[in-house]
Structure formats: structure tokens, C-alpha cells
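Written below as C-alpha cells is the structure these notes are about.
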Amino acid sequence: MGTRFQRRTVELPDGITALGPDAVDTVHTLVHQAERRQAAELRDALDRTLKIVPRPLRGAVKKVVGA
Amino acid sequence: MSRDLARDAELGRLARVLGVEVEALDVLADAEPEDLRALTQSIAEHLHHRHAGAFDRAIAVAGKLPSAMTAKLAQHAMGPALSARAAGLLEPKQAADLAKRLPPLFLADVAVHADLRQVGPLVEGLSPDVMGEAGAALREREEWIVLGAFVGHVDEDALVELVDVFDAEALLRVGPFVDAPERFDTIFSALSDERLDDLVGAAADLDLGTQLDAMVEHLSDDQAARLDAARVS
């Protein structure tokens with residue numbers, strides 16, 4: 001799973017922590033990857049949304065989503 | 001349910017939440033099922049809140065657009081993964097209204113990505129026909145965990161109709177993932193004697209006897225007796 005992952009993402013149950021540092025690092029790494037994937041999907045979705053929404057509504061949509 | 005079966009089920013649920021293959025979780029192979037379940041819930045909650053602000057804004061946009069446009073955006077801009085997340089933030093009635101406007105195959109895609117603790121409103125407003133079509137697509141993709149989560153949210157009459165959509169292998173493989181095991185009795189009561197024979201045969205042929213036994217624990221005496229009769233026939 002690569003280098004030891006420093007960032008703690010979620011609180012782990014004691015039984016998971018007891019499995020050892022490899023298990024703990026793997027969980028945090030996978031959670032971090034899931035977060036990054038989700039953020040990228042959101043950015044792409046916003047781009048697609050702005051292409052689909054009729055032009056007169058795009059300003060309002062941008063304002064709401066803060067784009 | 002055996003500890004191994006329970007552990008496999010929980011690893012499957014965790015892999016789904018993380019968006020990885022279950023093999024990526026090999027380091028957790030010795031974890032207790034209860035710890036895996038707690039971990040899955042913790043991670044689902046964490047991911048749910050991670051980008052909550054962006055999703056809140058998406059919901060705000062949806063509230064300003066006509067429903068048909070919202071459905072179009074869900075299908076063609078958001079895609080199934082983000083639609084599933086957003087659906088979990090909608091009011092139940094909004095989620096049900098949106099689900100009715102989306103094609104069954106897209107709903108099946110959404111279901112695969114949904115937080116399974118929040119699938120109720122997505123499922124409850126759908127007609128049995130739409131549920132059947134989406135269910136058949138999920139069966140085809142062998143999405144046993146998703147189907148198992150749905151069982152608890154489908155009303156009894158619809159569940160009886162849906163049983164016809166699923167073959168013996170599907171019923172056996174979904175069994176460990178059903179969060180509402182009291183529904184097994186409804187499912188078995190909807191199976192003809194011939195289909196019970198098929199179920200017993202499939203359990204033997206596919207080495208799924210453990211899965212069948214796990215369901216038997218939750219059957220009424222009447223249905224357990226029918227299954228016993230099928231086993232000796």
C-alpha cells in the first residue's frame with residue numbers, strides 16, 4: 001500500500017487498530033483515495049452541469065454552487 | 001450465520017463503501033465482523049460529510065430547477081455515483097419524485113453507489129415493474145449486497161412479485177446481505193414447491209448450503225417444514 005500514510009481520516013474501532021499498523025495505514029489510505037475520487041467526480045459533474053443547464057439559468061446555478 | 005460468512009459479508013460492504021475490490025482489504029481478513037461493520041459505518045459517515053457543502057449546494061440547485069431538468073442533470077451530469085450521494089440528502093418525497101423520473105437501468109446504477117442506509121426513499125416510491133427491471137439489472141451484475149439492502153425497504157406485496165425476478169442462485173447469494181431477515185419468510189412463502197426444490201438443488205450444486213442454512217434460522221415453522229420437505233424429496 002505504499003509509504004506509511006500520515007493523515008488520520010476516521011476513528012477506527014479498537015478491534016481494527018489491534019490488527020496492526022499495516023491494517024490501520026491501509027484503511028486510512030483507502031479512505032483518503034475515496035475522498036479524492038469523490039472530489040474529482042464533483043468537479044467533473046459541475047462542469048457537465050453547466051453545459052447542460054440552459055444558458056439563461058447558468059448564472060443562477062454558478063451563484064448557488066459558488067463556481 | 002457463520003462467522004466466516006458474516007465476515008465476508010462485512011468485507012464486501014466495506015469494499016463497496018470505499019469503491020475498491022474486496023481483495024484490497026486482505027489486511028482486514030482477520031477482523032471481527034462487528035468491528036468491520038462499525039468501521040464501514042464510520043467511513044460511510046465520514047465520506048458522507050466530507051463534501052456535504054458541495055452536495056447541499058447541488059440540492060439547492062435542484063430545488064430551483066424543474067423536476068424534469070433535475071432528472072436530466074442527475075442522469076447526464078451528476079452520473080450515478082454523485083446522484084446516489086445527492087439522493088441521500090433529499091427529503092424522502094423529493095427522492096421518491098426524482099426516482100420516478102429516472103429509467104430503471106440508471107436507478108440500478110444509482111443503487112450500486114447509494115449509501116445503503118438511505119435507500120428507503122429511493123425504493124419505496126417505485127412501481128413493482130420499475131423495481132423488477134432495476135432488480136434484474138442488479139442481479140445480472142451480481143450486486144448481491146445492494147439487493148440485500150433493498151429487501152428491507154420493499155413492501156410485502158411488491159416483494160412477493162419480485163421473487164419471480166430472481167433465480168435460486170440469486171436468492172442464495174443475496175441471503176447473507178439481507179438486513180431484514182424477517183423478510184425471508186415472505187420470500188419463501190412466495191416460492192412454489194418447485195422453486196423450493198430448485199433452491200435446495202442450487203444450494204447443493206453451487207456449494208451454497210451455508211447460505212441456505214443461514215436463512216432457515218429466520219423462517220416460521222410452516223416455511224421451515226416446506227423447506228425440509230423439499231430437502232428430502
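Chain naming here is simple, since letters A, B, ... match the order of the sequence lines and numbering starts at 1 in each. The basis for the numbers below is simple: all heavy atoms, side chains too, and nothing from hydrogens, waters or symmetry mates.
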Could you go through the side chain to side chain contact (heavy atoms under 4.5 Å, CB included) check for A:Leu19 and B:Val27 one step at a time?
CA-CA 8 Å; A:Leu19 295 174; B:Val27 291; over 6 Å; no

Are side-chain heavy atoms of A:Asp44 and B:Leu82 found at a separation under 4.5 Å?
no

Chain A: which of B:Ser42, B:Gly19, B:Ala77, B:Ala31 shares the most heavy-atom pairs with it under 4.5 Å?
B:Ala77

Heavy-atom closest pair, residues A:Glu35 and B:His51
O-NE2, 3.5 Å

Go through the steps for A:Ile16 and B:Leu36 under the test side chain to side chain contact (heavy atoms under 4.5 Å, CB included), then give the verdict.
CA-CA 8 Å; A:Ile16 300 298; B:Leu36 290 169; 4.2 Å; yes

Going by atom type alone, with no hydrogens or angles, which donor-acceptor pairs under 3.5 Å involve a side-chain atom of residues 100-108 of chain B and a protein atom two or more places apart or on another chain?
none

Rounded to the nearest 0.5 Å, what separation is found between the CZ atom of A:Arg36 and the CZ atom of B:Arg50?
11.0 Å

Among B:Asp26, B:Val17, B:Leu18, the residue with the most heavy-atom pairs under 4.5 Å to chain A is B:Leu18

In terms of heavy-atom contacts, A:Arg48 and B:Met78 come closest through NH2-O, 3.9 Å

Is there a side-chain contact between B:Leu14 and A:Val27, using heavy atoms and a 4.5 Å cut-off?
no

Is it the backbone or the side chain of A:Leu42 that comes under 4.5 Å from a heavy atom of chain B, or both, or neither?
both

Taking atom CD of B:Glu182 as the centre, report whether more than 12 heavy atoms of other residues, nucleotides or ligands fall under 6.0 Å from it.
yes

Against chain B, label A:Ala39 side chain, backbone, both or neither, depending on which of its atoms sit under 4.5 Å from a heavy atom there.
both

Going by the rule side-chain hydrogen bond (donor to acceptor under 3.5 Å, both in side chains), which residues pair with B:Asp8 if we only count those two or more places apart in sequence or in a different chain?
none

Is a donor on one side and an acceptor on the other found under 3.5 Å between the side chain of B:Glu32 and the backbone of A:Gly15?
no

